[in-house]
Amino acid sequence: MFSKSFRLPSDAIERCSRPVSSITEAQSLSQEHNLLADQDSEKLSTRTSRTSYVDTWKVQEQDINENPNDISKWDLLFKSFDDKFEELYDEQNVESINDEFKKFVYRSYSELLHRFPYLTNYWKDFLIFEYKLNGADASINVLSKSVDNFPHSIDLWTDYMSALITQYEGTSETSKQKEQIDFIRIQFDKALAYNGQHFLSHPLWDKLLEFETSINGENEEISREIFLSCLKVIRIPLYQYAQYYKKFMEINKRFSINDIFSMEQDKDLLIEEYLDRFNKSSIEELSLIEEHQIIDDYSYKIFTKTQAKVNEKWIYESAITVTEFSLQNYNQIEEESKKWMNYLNHEIENYRSLENENKDKSRQYEYVINIFERSLIPLCLNGNVWLKYLAFINSLHFKSEIKYEKMKAIYDLAINRFVPLDDNYIRFSYGIFFMKYNKFDLSNELFFELIKLFGASGSSKVYQKNDYLEAVSSLIKLWSQILDESKTTNVLEELIDNYFEKADRYSKRPGAAESNKEKDENSKEFTFDDSYVKILEKLLNDESICVIIDFYLNYLMKYLTPSTHIKIRKFFNRYYKESALQKSVKFWKFFIEFEGLVHHNMINLKKIVRHIQYNTQLPKSILDSLIDLNYDIVSSNVSEIFDTNANTGRSDDTLIMYDNDVSESLIVNSSARKRLSNNNYLIQELEEMKIAKSQNKYESGQPLVNREEELLKIIRKHADHPGIIVDHTPEISNKIMSQGNWISLDKDVVEVPNFPTFKNVEKASLPVVYPPNDI
């Protein structure tokens with residue numbers, strides 16, 4: 001699949017989002033430039049020029065660091081390199097370009113191409129620049145680096161092989177020539193192993209045949225290497241298939257039937273079939289004409305089969321218009337994904353339609369792999385294509401070890417080099433993949449790295465909430481699979497207790513720390529270290545601890561016993577006031593279902609719902625859903641409510657006040673009014689200010705601030721201009737409620753209240769004061 005040079009260090013997940021280059025290095029470079037320039041006062045103008053260019057590069061590097069995916073900023077940097085080279089270059093003095101400039105150019109190109117290795121044109125620019133700065137050998141090294149990083153580029157391989165052949169032709173020593181020929185053939189084998197099945201790989205095949213012909217010279221004797229190459233290529237459906245068949249027909253008569261049939265798995269049976277046609281018992285009995293007839297017939301069958309495959313592939317090949325990776329027109333490339341997917345589906349279906357022992361199945365497998373690798377050049381940032389590739393490999397009947405290595409190589413390449421950090425399904429899939437093969441230590445390490453990366457404690461410094469919580473959840477699920485029930489419970493309780501700082505520091509939890517260091521019988525060769533808990537504690541926040549609590553409560557529910565019921569209720573009483581849980585939807589939903597659906601304890605249920613309504617910080621939509629759930633539970637348990645005297649013989653107010661509790665009006669919805677007034681920072685500031693003035697929270701037994709009334713005042717100030725507080729909104733000064741004169745409905749004659757009077761009327765026409773734009 002992939003060469004070892006593709007393997008990256010274990011920290012590559014973090015490095016895939018690192019800044020492209022370092023400002024500190026640029027500053028260091030600036031100092032070195034100045035130091036070198038100061039050595040000669042006659043080169044003052046050169047020093048000034050160098051300094052100005054370094055300053056320019058520093059600014060450009062800063063721009064690149066801010067958005068390393070903006071290729072236009074890279075182009076500006078490389079353009080400045082070209083300008084600087086033209087200024088420094090002197091044909092009479094090859095040393096006119098200093099080493100610092102050369103290193104800076106090399107590092108800049110390397111940084112970009114490490115980040116985006118499929119940018120063919122930038123590899124070519126890089127090698128040209130290296131040729132101008134350091135000569136032919138340096139440019140060949142860049143080409144070697146390019147094909148290592150981008151092994152499925154026919155263009156780069158063709159340039160690399162041309163450069164090696166040119167280097168060989170300039171060598172006069174016979175012994176060195178032999179060594180170079182062997183090296184070039186090895187490189188051709190590597191190039192064709194990656195690209196030989198490519199529909200447009202004829203430049204590589206042409207280059208190979210041209211090289212082998214040049215070695216053979218003008219001799220009439222055709223080398224065996226040329227023959228074997230032709231025998232291989234005529235079987236591959238290529239755009240230039242006809243010319244290779246013609247070349248093969250020119251040379252095939254110079255080789256024996258055994259040579260012609262050398263690539264057939266059932267070679268002996270095939271020869272025997274031809275011998276039967278001519279009533280011969282051995283090849284030696286065949287005449288020259290009969291041998292040629294057999295070779296022609298066999299060759300033509302290969303040609304017709306290849307031609308049919310070419311015509312079949314041409315339908316898909318001709319539809320594809322984007323084959324190269326690009327950052328500028330990636331939206332257009334995404335549109336091409338359907339064409340590539342159709343092509344892949346067609347080739348995969350062809351593979352599956354072949355019989356298990358069919359000799360063409362291995363060849364069709366190579367076609368499918370080649371289409372995958374080609375599609376992943378323009379679509380390398382598309383996680384779905386990588387997942388399809390993995391699904392195909394997973395469906396094959398390889399040995400477990402072989403399949404593991406193939407899939408791991410694909411995962412490593414996708415995650416460490418290409419798939420962006422906002423597309424992480426494949427990363428979590430990688431952890432599940434490790435678990436499938438009992439590589440729990442690797443899965444554990446991966447999830448920890450993802451928690452650090454998405455939790456803004458890694459090099460990305462960006463908090464990706466959903467991915468971070470998913471990583472925490474995946475890690476906890478992994479631990480629950482490799483540890484037994486008691487150990488899992490102890491680990492979860494230790495995490496929760498330590499996060500809220502409620503653990504007993506002077507006593508050890510039985511079976512927690514010390515037993516975790518021992519290998520569990522069900523751990524499948526994975527030793528759980530207690531240090532994992534300490535590391536995870538440092539990576540948790542209020543949102544992730546809620547994920548762990550939810551897992552813990554549901555984990556306890558799997559082993560429901562009377563003692564578990566007590567444990568869950570004690571857990572609730574211990575933690576329900578924690579601020580982190582005031583926003584946890586799953587926590588409150590769990591306890592509504594626990595008391596209402598599992599235990600049918602309407603008294604506890606009522607207390608929980610009241611607490612949710614008055615004290616939590618849940619959104620209105622979530623709160624309404626929980627009230628709906630409570631309403632359904634209460635409706636199904638009305639008789640039990642009366643039996644337990646939960647409402648002292650009265651009808652349950654849950655049913656009566658339902659419409660009020662879900663109302664959007666704060667006048668009607670008293671529970672929402674109370675909850676919002678208790679959590680409004682403006683009201684809290686007003687209360688603190690009045691308390692500070694009076695030095696006493698209460699006067700005449702009354703609170704200094706009526707929170708609910710103050711909340712309604714604030715809302716009224718926002719009524720006409722949402723988000724803008726308007727203090728001069730007219731208000732009724734003689735409200736009926738404030739006067740205490742309620743209208744009695746028992747009297748036959750209803751007393752008409754006084755007409756309303758208003759205050760702040762004169763201020764109503766004042767202009768609205770908007771906040772400044774810089775806020």
Side-chain angles (χ1 to χ4, degrees), residues 465-466 468-474 476-477 480 488-489 492-493 495-496 499-500 540-561 564-638 640-641 646 652-655 657-664 669 671-672 674-676 678-679:
K465 176 181 174 181
N466 292 337
Y468 164 72
L469 297 180
E470 178 67 22
V472 172
S473 177
S474 299
I476 296 300
K477 289 176 183 176
S480 69
T488 301
T489 303
L492 294 174
E493 289 175 351
L495 282 170
I496 297 168
Y499 184 82
F500 293 118
L540 296 178
N541 60 19
D542 280 359
E543 292 168 322
S544 56
I545 195 63
C546 292
V547 171
I548 293 176
I549 288 173
D550 177 65
F551 185 90
Y552 170 71
L553 293 172
N554 284 282
Y555 189 79
L556 291 179
M557 288 294 290
K558 291 181 181 179
Y559 311 98
L560 207 57
T561 62
T564 309
H565 298 175
I566 298 173
K567 190 172 187 177
I568 291 175
R569 284 188 174 125
K570 285 183 176 179
F571 182 89
F572 176 83
N573 290 330
R574 189 178 191 187
Y575 292 110
Y576 79 97
K577 292 183 180 179
E578 294 291 342
S579 60
L581 295 175
Q582 301 310 303
K583 297 173 285 187
S584 175
V585 178
K586 292 183 178 180
F587 177 82
W588 296 108
K589 183 174 181 290
F590 174 87
F591 278 101
I592 286 177
E593 293 176 342
F594 178 75
E595 297 293 354
L597 299 178
V598 177
H599 289 286
H600 304 285
N601 190 324
M602 297 298 108
I603 296 177
N604 285 353
L605 176 63
K606 190 178 185 67
K607 292 178 180 178
I608 290 172
V609 172
R610 283 290 177 264
H611 181 82
I612 294 173
Q613 286 181 298
Y614 294 134
N615 300 304
T616 62
Q617 301 171 25
L618 298 174
K620 177 72 164 56
S621 58
I622 298 297
L623 193 60
D624 289 349
S625 299
L626 295 178
I627 291 173
D628 286 341
L629 174 60
N630 178 54
Y631 182 86
D632 293 339
I633 295 173
V634 171
S635 299
S636 302
N637 295 273
V638 172
E640 188 170 342
I641 290 174
D652 190 81
D653 56 357
T654 301
L655 306 178
M657 300 298 294
Y658 169 77
D659 291 330
N660 289 13
D661 291 338
V662 297
S663 173
E664 298 291 337
N669 193 338
S671 61
K674 182 174 182 179
R675 183 178 72 258
L676 293 175
N678 287 337
N679 292 285

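Side-chain atoms of Ser480 come within 3.5 Å of backbone N or O of Lys477 as a donor-acceptor pair. Side-chain N or O atoms of Gln582 include one that pairs as donor or acceptor with a backbone N or O of Tyr576 at under 3.5 Å. Using modelled atom types, one side-chain atom of Trp588 and one backbone atom of Leu581 make a donor-acceptor pair closer than 3.5 Å. No donor-acceptor distance shorter than 3.5 angstrom exists from the side chain of Asn630 to the backbone of Leu626, with no hydrogens or angles considered. Of the possible polar contacts, one joining the Thr564 side chain to the Thr561 backbone as a donor-acceptor pair under 3.5 Å is found.
No side-chain heavy atom of Glu578 sits less than 4.5 Å from a side-chain heavy atom of Asp542. Ile612 has its side chain out of reach of Phe591: every pair of non-hydrogen atoms, C-beta onward, lies at least 4.5 Å apart. With contacts defined as side-chain heavy-atom distances shorter than 4.5 Å, the pair Phe590/Ile549 does not qualify. Taking 4.5 Å as the limit, every side-chain heavy atom of Phe587 sits out of range of all side-chain heavy atoms of Cys546. The shortest side-chain heavy-atom distance between Met602 and Thr654 does not fall under the 4.5 Å cut-off. Gln613 has its side chain within reach of Asp661: a pair of non-hydrogen atoms, C-beta onward, lies under 4.5 Å apart. Ile568 places a side-chain heavy atom less than 4.5 Å from the side chain of Met557. Under the 4.5 Å side-chain criterion, counting only non-hydrogen atoms from C-beta, Glu664 is not in contact with Asn669.
Between the CG atom in Leu597 and the CG atom in Leu629 there is a gap of 6.5 Å [rounded to 0.5 Å]. Atoms CG and NZ, on Leu676 and Lys620 in that order, are 9.5 Å from each other to the nearest 0.5 Å. Atom OG of Ser663 and atom CG of Asp659 lie 8.5 Å apart (nearest 0.5 Å). One finds the OH atom of Tyr555 at 3.5 Å from the OG1 atom of Thr488 (value rounded to the nearest 0.5 Å). Note that CG of Leu495 is 5.0 Å distant from CD1 of Ile548, once rounded to the nearest 0.5 Å. Distance check: Asn637 CG to Asp632 CG gives 11.0 Å after rounding to the nearest 0.5 Å.
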May I have the step-by-step check of side chain to side chain contact (heavy atoms under 4.5 Å, CB included) for Val598 and Glu593, ending in yes or no? CA-CA 7 Å; Val598 177; Glu593 293 176 342; 5.8 Å; no

Step by step, work out the side chain to side chain contact (heavy atoms under 4.5 Å, CB included) result for Ile496 and Tyr575. CA-CA 10 Å; Ile496 297 168; Tyr575 292 110; 3.9 Å; yes

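The aromatic rings of Tyr658 and Tyr631 sit tilted, their planes meeting at an angle between 30° and 60°.
In this structure, Asn615 and Asn679 approach most closely via the heavy-atom pair O-ND2, 4.4 Å. Between Ser635 and Leu655, the closest heavy-atom pair is OG-CD2, 3.6 Å. Gly596 approaches Leu605 most closely through the heavy-atom pair CA-CD2, 4.1 Å. Across every non-hydrogen atom of Ser473 and Val547, the tightest pair is CB-CG1, 3.9 Å. The minimum heavy-atom distance between Ile545 and Ala580, with the atom names listed, is CG2-CB, 4.2 Å. Between Leu492 and Phe551, the shortest heavy-atom distance links the atoms CD1-CD2, 3.8 Å.
Contact check on Glu595 versus Arg569 returns a salt bridge, with a Lys/Arg side-chain nitrogen under 4.0 Å from an Asp/Glu carboxylate oxygen.
Summarising the local packing, NZ of Lys465 is surrounded by 12 or fewer heavy atoms from other residues, nucleotides or ligands at distances under 6.0 Å.
Proximity of the aromatic rings of Tyr552 and Phe571 is defined here by a centroid distance below 6.0 angstrom, and this criterion is met.
At a cut-off of 3.5 Å, with distance as the only test, no side-chain donor of Asp628 or Ser625 sits close to an acceptor on the other residue.
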